[in-house]
**Student:** 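Encoded as structure tokens, here's the structure I'll be asking about.
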Protein chains: 2
Amino acid sequence: MPTKKSTTPDRAGTAGRILDVAERLVQVRGFNAFSYADVAKAVGIQKASLHHHFATKADLGVALVTRYRHSFLDTLRSIEATSSHGFERLERYADLYGKVLRAGRMCMCGMLASDAATLPKPMRGSIAEFFAENEEWLSRILAEGKKRGDITFDGSAASMAAFIVSSLEGGMLVSRGSGDLDHFDDVVDRLLERVRPAKTKTKRRSG
Amino acid sequence: MPTKKSTTPDRAGTAGRILDVAERLVQVRGFNAFSYADVAKAVGIQKASLHHHFATKADLGVALVTRYRHSFLDTLRSIEATSSHGFERLERYADLYGKVLRAGRMCMCGMLASDAATLPKPMRGSIAEFFAENEEWLSRILAEGKKRGDITFDGSAASMAAFIVSSLEGGMLVSRGSGDLDHFDDVVDRLLERVRPAKTKTKRRSG
DNA sequence: GTCTATAGGCAGATAGAC
DNA sequence: GTCTATCTGCCTATAGAC
């Protein structure tokens with residue numbers, strides 16, 4: 001859930017600034033509820049200039065999802081590299097979503113998932129890829145943690161990963177719909193309680 | 001999750017047909033991705049005629065959410081009236097969402113929750129009410145079931161209710177975004193497994 | 001790469017006849 | 001209550017000068 005620096009480039013230059021602005025607009029309003037005029041205004045150039053960087057809105061959308069996927073994976077790898085404890089990794093994973101929510105945004109691909117039926121076809125495959133990669137990473141972290149004993153759960157790591165992603169995305173959605181951000185924290189608490197290893201007593205959520 | 005007959009009226013007449021069509025369009029495409037022209041075409045009247053029934057799109061939106069809330073509550077009461085076993089009630093509750101998903105739709109208020117930032121203000125309060133009523137009902141069913149011993153869970157009924165709603169909404173969202181409807185069934189299985197009472201061996205999901 | 005100007009279409013909404 | 005006709009404004013996108 002970016003909004004942080006990443007290993008990949010694409011964040012500098014006009015194209016990068018356009019993507020930054022468009023990403024925020026998608027996360028707050030959705031793909032069908034922002035226009036080139038909105039982006040142009042926020043970036044400080046004219047509408048027509050946007051078309052030089054992204055010929056069509058569909059092109060912009062594809063670039064948006066592609067960058068988001070890479071950026072998100074970078075963040076996951078960073079969590080993996082800087083935390084060796086399974087449960088702590090999951091806390092930090094959940095906190096990614098919490099930070100986005102508190103920034104007034106929805107997970108970009110969660111937002112796009114709800115717009116799916118109306119999106120240009122090339123975007124849809126990339127959105128599905130986001131969820132697949134996300135669950136793959138989570139699944140691996142869960143399996144390793146279970147083996148090491150610093151994460152607890154029943155059933156397959158893959159289905160647990162799918163469950164976690166759904167709960168967090170749904171938690172964000174319902175919190176935004178209810179206008180009650182604490183709702184999300186309750187969901188995270190309950191989710192983490194189910195995977196917390198018997199002995200550990202790590203404090204929940206930092207931000 | 002309607003698309004079924006309800007005790008309340010509002011389903012007959014031109015206004016009712018307009019609401020039926022608009023409801024489907026919102027559930028499939030979202031509030032910002034359908035037009036009066038779409039509705040008029042599907043209903044078989046002219047755009048201008050729609051304004052006689054719902055002067056503005058905001059008015060249509062408010063009527064849509066209000067009817068949906070009442071209709072949904074009717075369905076919940078019907079589950080409560082025709083199932084006396086707690087776990088079975090939860091199975092039927094989850095199945096409501098599954099049926100909507102398999103119809104190619106999203107929960108209407110889940111969809112509207114993602115559109116929230118762009119919606120006319122009068123709609124937002126009503127959407128929040130939907131989630132509150134929904135969780136209230138679920139909370140009561142959970143508390144009763146726990147007391148009777150035909151539902152199991154830790155923590156408060158209210159937080160468990162919030163968790164269930166989030167997981168189901170998120171399950172629908174991610175399933176649609178992944179293009180994999182089985183994803184949702186896995187989420188439901190895992191969710192129900194956590195509330196299943198020790199002795200019972202009810203089969204999961206009927207539809 | 002950015003600009004001005006504009007095309008062509010669709011959005012939500014209104015006026016007024018029947 | 002439904003129609004035809006129309007308004008105004010915004011949308012995505014393009015042409016062509018600088």
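Just so it is clear, the values below take in all heavy atoms, side chains as well, and ignore hydrogens, waters and symmetry mates. Chain identifiers are assigned alphabetically (A, B, ...) following the order of the sequence lines, protein sequences preceding nucleic acid strands; residue numbering begins at 1 within each chain. Owing to the predicted nature of the structure, the values given are computational and were not obtained by experimental measurement.
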**Student:** Among residues two or more places apart or on two chains, list those pairs meeting side-chain hydrogen bond (donor to acceptor under 3.5 Å, both in side chains) that have a residue in residues 40-53 of chain B.
**Tutor:**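 Of all non-adjacent pairs touching residues 40-53 of chain B, none passes side-chain hydrogen bond (donor to acceptor under 3.5 Å, both in side chains).
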**Student:** Under a 4.0 Å threshold between the charged nitrogen and the carboxylate oxygen, would D95(B) count as salt-bridged to R92(B)?
**Tutor:**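 Salt bridge between R92(B) and D95(B), a charged N being under 4.0 Å from a carboxylate O: no.
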**Student:** May I ask you to test the L90(B)-L138(B) pair for a side-chain heavy-atom distance under 4.5 Å?
**Tutor:**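 The answer is yes, as the side chains (C-beta and beyond) meet within the 4.5 Å cut-off.
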**Student:** For dT2(D), does either OP1 or OP2 sit under 4.0 Å from a side-chain N or O belonging to H52(B)?
**Tutor:**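 The answer is no; no side-chain N or O of H52(B) sits under 4.0 Å from OP1 or OP2.
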**Student:** In whole angstrom, what separates F31(A)'s CZ from dC11(D)'s C1'?
**Tutor:**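 Going from CZ in F31(A) over to C1' in dC11(D) covers 13 Å.
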**Student:** Tell me, which of residues 117-124 of chain A have any heavy atom that sits under 4.0 Å from an atom in DNA chain C?
**Tutor:** none
**Student:** Within 45° of the ring axis of F153(A) and under 6.0 Å from its six-membered ring centre, is that where the NZ or CZ of K146(A) lies?
**Tutor:**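 The answer is yes; both the distance and angle limits are met.
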**Student:** OP1 or OP2 of dC11(D) less than 4.0 angstrom from a side-chain nitrogen or oxygen of S35(A), does that happen here?
**Tutor:** yes
**Student:** Can you run down the salt bridge (charged side-chain N to carboxylate O under 4.0 Å, His left out) pairs that involve residues 117-135 of chain A, sequence neighbours left out, and say none if there aren't any?
**Tutor:** R69(A)-E129(A), R69(A)-E133(A)
**Student:** Scan nucleotides 13-16 of chain C against the protein and return all N/O pairs shorter than 3.5 Å with their distances rounded to 0.1 Å.
**Tutor:**
| from | atom 1 | to | atom 2 | distance (Å) |
| --- | --- | --- | --- | --- |
| dA13(C) | OP2 | K57(B) | N | 2.8 |
| dA13(C) | N7 | H51(B) | NE2 | 3.3 |

**Student:** Hey, is the side chain of T14(A) poking within less than 4.0 Å of OP1 or OP2 on dT2(C), counting only N and O atoms?
**Tutor:**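 So the side chain of T14(A) is within the cut-off, an N or O lying under 4.0 Å from OP1 or OP2 of dT2(C).
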**Student:** Would one find a side-chain N or O of S49(B) under 4.0 angstrom from OP1 or OP2 of dG1(D)?
**Tutor:**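 For dG1(D), OP1/OP2 do not have a side-chain N/O of S49(B) under 4.0 Å.
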**Student:** Starting at atom CZ of F34(A), determine the distance to atom C1' of dT12(D), rounded to an integer number of angstrom.
**Tutor:**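 In whole Å, dT12(D) C1' and F34(A) CZ are 12 Å from each other.
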**Student:** Could I get the full list of ring pair (Phe, Tyr, Trp, His ring centres under 6.0 Å) partners for F31(A), not counting sequence neighbours?
**Tutor:**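 Counting only residues at least two positions away or on another chain, F31(A) forms a ring pair (Phe, Tyr, Trp, His ring centres under 6.0 Å) with F34(A).
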**Student:** Which residues satisfy the salt bridge (charged side-chain N to carboxylate O under 4.0 Å, His left out) test with E144(B), sequence neighbours excluded?
**Tutor:** R89(B), R140(B)
**Student:** Do NZ/NE/NH1/NH2 and the carboxylate oxygens of R196(B) and D189(B) come within less than 4.0 Å?
**Tutor:**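 Not counted as a salt bridge, because no side-chain N and carboxylate O are separated by less than 4.0 Å.
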